[in-house]
Amino acid sequence: MTDRIKEKWEMISKYMNEFEIIYHQIANYYNLSDSGFWILYALCENEDGCTQKELYEDWCFNKQTINSSVKDLKNKGYICLEYLDDNKKFKKIKLTEKGKEITKDTIEKVMEAEKNSFANVDEKEMDIVMEFFRKQVISFKNEVNKEIYKENIEE
């Protein structure tokens, strides 16, 4: 990797980290854990609710984090758990009326800020960024498989 590419990748990483910091600060401002914030966010995106399994698969949180956050949000009265009709093993997480009220004053404001911030970016710029990350994810995954997982197999 050339020094110039390394510097640019470091800047991209810093910008991505800034997003993480902003969302962390927002969660703290609303007295939510990071995972609690993202659970409420996911439920705002999916009004039909979702399972804990879907949350940890889609949002890359571990099971224990999701379990404890779900328990916390349930204790606060923001969410409820309902058995799935076709499978009593899994429960669907849904917002309660209190949860809908709290997300209106929190998560929906964040979503509106996100939407407004994208008004400053044109579609071509977004396409370039998406293509960059698509290529980078594929390339990085290949390198990890080649360099890291290979070591574990050979040992």
Side-chain angles (χ1 to χ4, degrees), residues 5-141 143-144 148:
I5 291 174
K6 184 178 180 216
E7 287 173 17
K8 289 183 180 201
W9 179 247
E10 287 173 1
M11 287 306 302
I12 290 168
S13 295
K14 285 180 184 178
Y15 291 138
M16 291 187 316
N17 191 46
E18 280 187 54
F19 272 113
E20 293 296 321
I21 290 168
I22 292 167
Y23 284 111
H24 174 74
Q25 290 170 338
I26 292 168
N28 280 343
Y29 179 79
Y30 290 128
N31 294 316
L32 295 166
S33 66
D34 289 356
S35 56
F37 171 86
W38 289 115
I39 290 170
L40 294 177
Y41 192 102
L43 293 171
C44 278
E45 287 187 322
N46 186 354
E47 293 177 17
D48 291 335
C50 57
T51 65
Q52 288 180 315
K53 182 179 181 190
E54 290 169 331
L55 285 171
Y56 62 76
E57 286 177 353
D58 294 347
W59 292 87
C60 297
F61 284 108
N62 68 42
K63 291 178 185 181
Q64 295 89 343
T65 300
I66 294 294
N67 290 343
S68 62
S69 292
V70 164
K71 186 181 282 189
D72 179 56
L73 293 171
K74 187 175 181 235
N75 289 340
K76 290 179 178 177
Y78 298 160
I79 62 171
C80 62
L81 303 175
E82 299 175 357
Y83 283 108
L84 297 176
D85 291 336
D86 59 338
N87 187 342
K88 296 295 182 195
K89 183 179 176 185
F90 294 104
K91 295 178 185 175
K92 187 173 266 198
I93 304 164
K94 290 189 163 191
L95 289 171
T96 61
E97 286 306 314
K98 185 177 179 181
K100 289 176 185 175
E101 289 174 24
I102 197 75
T103 56
K104 186 176 184 182
D105 295 331
T106 58
I107 308 303
E108 289 181 22
K109 285 183 178 180
V110 173
M111 290 176 160
E112 185 66 21
E114 289 171 332
K115 186 177 94 178
N116 292 340
S117 74
F118 283 112
N120 297 317
V121 180
D122 71 26
E123 194 172 345
K124 281 186 178 183
E125 291 172 318
M126 288 297 290
D127 290 341
I128 291 167
V129 170
M130 289 181 343
E131 180 61 13
F132 165 77
F133 278 108
R134 185 189 70 75
K135 283 181 177 179
Q136 192 58 32
V137 165
I138 291 168
S139 178
F140 186 58
K141 193 182 289 185
E143 289 300 316
V144 166
I148 295 174

Stepwise salt bridge (Lys or Arg N to Asp or Glu O under 4.0 Å) check, Glu101 with Lys104: CA-CA 5 Å; Glu101 289 174 24; Lys104 186 176 184 182; over 6 Å; no
What's the verdict on side-chain contact (heavy atoms from CB on, under 4.5 Å) for Gln25 and Asn28, showing C-alpha distance, side-chain angles and the deciding distance? CA-CA 5 Å; Gln25 290 170 338; Asn28 280 343; 5.6 Å; no
Do the side chain of Glu57 and the main chain of Glu54 share a donor and acceptor less than 3.5 angstrom apart? no
Would you say that Thr106 contacts Tyr29 through its side chain, given a criterion of any heavy-atom pair below 4.5 Å between the two side chains? no
With rounding to the nearest 0.5 angstrom, report the CD1 to CG distance, Ile79 to Leu73. 5.0 Å
Rounded to the nearest 0.5 Å, how far does NZ of Lys8 lie from CD1 of Ile12? 8.5 Å
Counting neighbours of CD on Glu10 that are heavy atoms of other residues, nucleotides or ligands and sit closer than 6.0 Å, is the number greater than 12? yes
Give a yes or no on this: more than 12 heavy atoms of other residues, nucleotides or ligands lie within 6.0 Å of atom CZ of Phe118. no
Minimum side-chain heavy-atom gap Met130-Asp127 below 4.5 Å: yes
Would you please classify the geometry between the Tyr23 ring and the Phe19 ring as parallel, tilted or perpendicular, with 30° and 60° separating the classes? parallel
Rounded to the nearest 0.5 Å, what separation is found between the OH atom of Tyr56 and the NZ atom of Lys63? 3.5 Å
Qualifying residue, where the test is salt bridge (charged side-chain N to carboxylate O under 4.0 Å, His left out) with Glu82 and the options are Lys94, Lys92, Lys91, Lys74: Lys94
For Thr65 and Asn62, test the side chains for any donor-to-acceptor distance below 3.5 angstrom and give the result as yes or no. yes
Verdict with supporting geometry, Leu55 and Phe61, side-chain contact (heavy atoms from CB on, under 4.5 Å): CA-CA 7 Å; Leu55 285 171; Phe61 284 108; over 6 Å; no
How long is the gap from CD1 on Ile66 to NZ on Lys71, to the nearest 0.5 Å? 14.0 Å
Applying salt bridge (Lys or Arg N to Asp or Glu O under 4.0 Å), run through Glu112 and Lys109 and close with a yes or a no. CA-CA 5 Å; Glu112 185 66 21; Lys109 285 183 178 180; over 6 Å; no
Walk me through whether Tyr41 and Met111 qualify under side-chain contact (heavy atoms from CB on, under 4.5 Å). CA-CA 9 Å; Tyr41 192 102; Met111 290 176 160; 3.8 Å; yes
Hey, what do you get for CZ (Phe133) to CE (Met16), rounding to the nearest 0.5 Å? 5.0 Å
What heavy-atom pair brings Cys50 and Leu43 nearest, and what distance separates the two atoms? SG-CD2, 3.8 Å
Distance, nearest 0.5 Å, that separates CD1 of Ile107 from CD of Glu45: 10.0 Å
The side-chain contact (heavy atoms from CB on, under 4.5 Å) partner of Leu95 among Ile102, Ile39, Thr103 is Thr103
Ser35 backbone acceptor or donor facing Ser69 side chain under 3.5 Å: no
Verdict with supporting geometry, Leu32 and Asp72, side-chain contact (heavy atoms from CB on, under 4.5 Å): CA-CA 10 Å; Leu32 295 166; Asp72 179 56; 5.9 Å; no
Do you know the tightest heavy-atom contact between Lys98 and Gly77? CB-O, 3.5 Å
Does Glu47 have more than 12 heavy atoms from other residues, nucleotides or ligands lying within 6.0 Å of its CD? no
Angle class for the Trp9/Phe132 ring planes (parallel below 30°, perpendicular above 60°, tilted otherwise)? tilted
Ser117 (side chain) donor-acceptor with Glu114 (main chain) under 3.5 angstrom: yes
